[in-house]
Each structure stands twice: as structure tokens, then as C-alpha cells.
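Residues: numbered from 1 along the sequence shown.
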Amino acid sequence: GSYKARSLVGSKNNTKRLRTMFILFCITIPIVHWLIFYAYINLDSILLAFTDKYGNYTLQNFTRIFHELSISTSDLRIGLINTLITFALFIATFPLKVLVSYFIYKRIPGHRFFRVVFFLPSIIFSVAINAIFIRMMSVDGIIAQTVGGIMGLNYIPEFLADTRFANATVMANYLWLGFPGDLIVLGGTFARIPADVLEAGKVDGVNWRKEFTQIIVPMIWPTLVIQMLLGFCLIFSSPGNNAFLLTQGKYNTHTMSSWMYNIMYQNRGGQSASGSFNFLSAVGLIISVISVTATLLVRHFTNKFFNDVEY
């Protein structure tokens, strides 16, 4: 009896030991990955922001940032303005995305057509969809020829190769491609709303405006907050993809992220000698501080609008 008891205790101890080893193995890899590819890289980037290309500690990188922002024609200032314009478009169109998602959810006439139009860019990968957009906006496309005729121009405008049109064209592309991603998330959120709640509203004579503002929005508010927080987190990064794919950041269309990428690409192989690492590290540090502060403030204020609803 005592032998069986000792065997049972030993078996339990081995099981616990193996379980502990398995858990440690599972968490060690992500922890090492985080330490190397996040903590070390970001710490190194912070240190680079306060040094020059020779390794001497200085605030020259930050002084250069504010100096370039004071010059109206500097690439840094133009990139910042374009980035803020793009972010303003995100803020302005976010309520519209929610409203469009609501109407598609309510199956308005033509909802299938609108669903295809809005969701198609998300199905096709970005390089292909931007290649289609470039073709649509080329001098051989019907859009350029039509607009040139309406404006009475004696030439066909090059929407992506002319500083007068390129920025507006890139922003239009951002609006077009910015809709689908949010609509997919919001559509899934709307689908989770209990039908009984909406049926009760109809019985009480609630019209679509009250249903949307007093029932739908409070119930999906946590998802809306997350979407807004993600937008604030990516203020300085996400818009750069479209600008780079469409114009490579030329013709004053660059944003902060595409501008930073172009600097690194142009100085490839000689970043240390040129001081690009140091300057861009300082820019990245300021961007991080602004993004984190904005995100925390938005989260603080948005959490006060509605209480969480469980369903």
C-alpha cells in the first residue's frame, strides 16, 4: 500500500514538473522575442535619438526637427501636414462608416451592391488594387480624360504625377480603401446584436434614428472605442502605404511613414555615416510620445460616454 502511494505521489510530481516545463517552454520563446526585437531595438532607438553620428550625446537631432518644421517647403513639414490631413479624414469619415455599416446591416435596397463595392478592395491584396487604381487614374483612363474635358484643359491631367492633383488623388484612394476594413469589423459587430432587442424597439415605435443612436451605438460602443484607439495608435504610420504604392512619396504626397522609409532607402548602406538613424530615431521618439498620449486621452474620455453592455 505504501509503495503504491509513493508511486502515485511520484507520478503526480512528474506530471507537475512536465507541465511546468511545458509552460516555461511556451512562454520563453515570446519573451525572448520581445526582449530582442522590441525592448532592445526600442531602447537602442531611444539612445540613438540623443546621440550624433559619432556617438556623442547631443540634442541636435531634436533641434533639427523643429528647424525643419519651421520651413514651409521641408519634406518633414509636408509629410506631417499630409499625415494630419489623412488622420482628419479618418476622424471625419468614421461616423459615416458606422452609419453605412448600419444601413447595410438593415438590408436597405441595393445593400448587396454596396457590400461588394466596399468589401472588394479588402478581398484583393493592396498591391493589386493600387495597380488597378493607378491604371484608372492614368492619362489613358476615362477618369483623367473626363476631368480634363470638364475643367477645360488643353491636356490630359496626370493625377499621380502632378503636384496639383497627386495629393488629392492619394487622399481619394485612402478614402476608398479606408472604408472596407472598418465595415467588415462593424458588420460582424452588428450581427451580434440580439434580434429581440431590436424587435422590442419596433414594438415601442422606435424609428431608425432612435434605434441607431439609442440602441445600436451604446451596444457596440466598446468596438467603436477600439476602432478609434487603433486609429490614434496608427496616426503616423498607416497612411504611408498608399502614398508609397501610388507615387513612391513623390509630388508632395509623402506622409511621415513613407518619408522615413525613403530616407532610409536613399541612405541604405551608409545610415550610420549620414546620421539618418539618429535623426529618424528622434522623429520616432516624438511620434511615439504623441501617439501614446493621444491614445490614452481618447481612451479616458470615450470610456465615460456609455457603460459596457453585455449581450
Side-chain angles (χ1 to χ4, degrees), residues 84-126 128-130 132-133 136 171-235 237-239 241-242 291-311:
L84 294 178
I85 291 174
T86 307
F87 179 69
L89 290 175
F90 165 78
I91 296 297
T93 58
F94 188 76
L96 182 60
K97 294 175 186 177
V98 179
L99 196 59
V100 170
S101 297
Y102 170 72
F103 286 133
I104 292 177
Y105 166 72
K106 297 298 289 185
R107 299 179 180 274
I108 62 170
H111 71 278
R112 296 183 185 276
F113 169 76
F114 291 113
R115 180 176 293 168
V116 171
V117 170
F118 288 130
F119 289 178
L120 189 61
S122 292
I123 299 173
I124 305 174
F125 60 97
S126 60
I129 200 69
N130 277 294
I132 295 172
F133 185 82
M136 288 169 52
M171 295 298 174
N173 174 270
Y174 172 76
L175 287 174
W176 178 40
L177 297 182
F179 255 83
D182 290 329
L183 292 184
I184 292 173
V185 175
L186 293 171
T189 305
F190 283 123
R192 292 181 58 247
I193 297 176
D196 297 343
V197 176
L198 302 182
E199 289 295 334
K202 288 182 180 179
V203 172
D204 293 337
V206 174
N207 58 31
W208 73 266
R209 293 182 183 85
K210 288 186 177 180
E211 180 185 79
F212 177 72
T213 57
Q214 298 180 17
I215 299 177
I216 297 291
V217 171
M219 294 188 74
I220 67 170
W221 186 248
T223 301
L224 299 182
V225 170
I226 292 174
Q227 291 293 97
M228 285 187 285
L229 289 177
L230 289 174
F232 276 87
C233 289
L234 302 175
I235 293 176
S237 58
S238 58
N241 299 331
N242 293 2
S291 299
V292 170
T293 303
T295 303
L296 293 176
L297 288 174
V298 170
R299 180 174 178 80
H300 174 73
F301 288 110
T302 53
N303 284 340
K304 295 183 177 181
F305 282 97
F306 299 103
N307 296 323
D308 289 343
V309 179
E310 295 184 2
Y311 54 93

Practice task
Might you work through the side-chain contact (heavy atoms from CB on, under 4.5 Å) test for Leu297 and Phe232, ending with a clear yes or no?
Solution key: CA-CA 10 Å; Leu297 288 174; Phe232 276 87; over 6 Å; no
Problem - Derivation of the side-chain contact (heavy atoms from CB on, under 4.5 Å) call for Phe90 and Lys97 - result: CA-CA 10 Å; Phe90 165 78; Lys97 294 175 186 177; 4.0 Å; yes
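Using a 4.5 Å heavy-atom cutoff, the side chains of Leu224 and Leu186 are in contact. A 4.5 Å side-chain heavy-atom check between Lys106 and Glu211 finds at least one atom pair inside the cut-off. Between Ile216 and Leu198, some side-chain heavy-atom pair lies under the 4.5 Å cut-off.
Nearest heavy-atom pair across Pro222 and Pro218 is CD-O, 4.3 Å.
A distance-only check finds no donor-acceptor pair linking the side chain of Asp204 to the backbone of Val206 [under 3.5 Å].
Taking CZ of Arg107 as the start and OH of Tyr105 as the end, the distance is 9.5 Å to the nearest 0.5 Å. Taking OG1 of Thr213 as the reference point, atom OH of Tyr102 lies at 9.0 Å (rounded to 0.5 Å). Residue Tyr174 holds its OH atom at 6.5 Å from OG1 of Thr93, rounded to the nearest 0.5 Å. The line from CG of Leu99 to CD1 of Ile104 is 10.5 Å long, rounded to the nearest 0.5 Å. Put simply, CG on Leu296 and CG on Leu229 are 9.0 Å apart, with the number rounded to the nearest 0.5 Å. Atom CE of Met228 is separated from atom OG1 of Thr223 by 10.5 Å, given to the nearest 0.5 angstrom.
Other residues, nucleotides and ligands contribute at most 12 non-hydrogen atoms within 6.0 Å of the NZ atom of Lys210.
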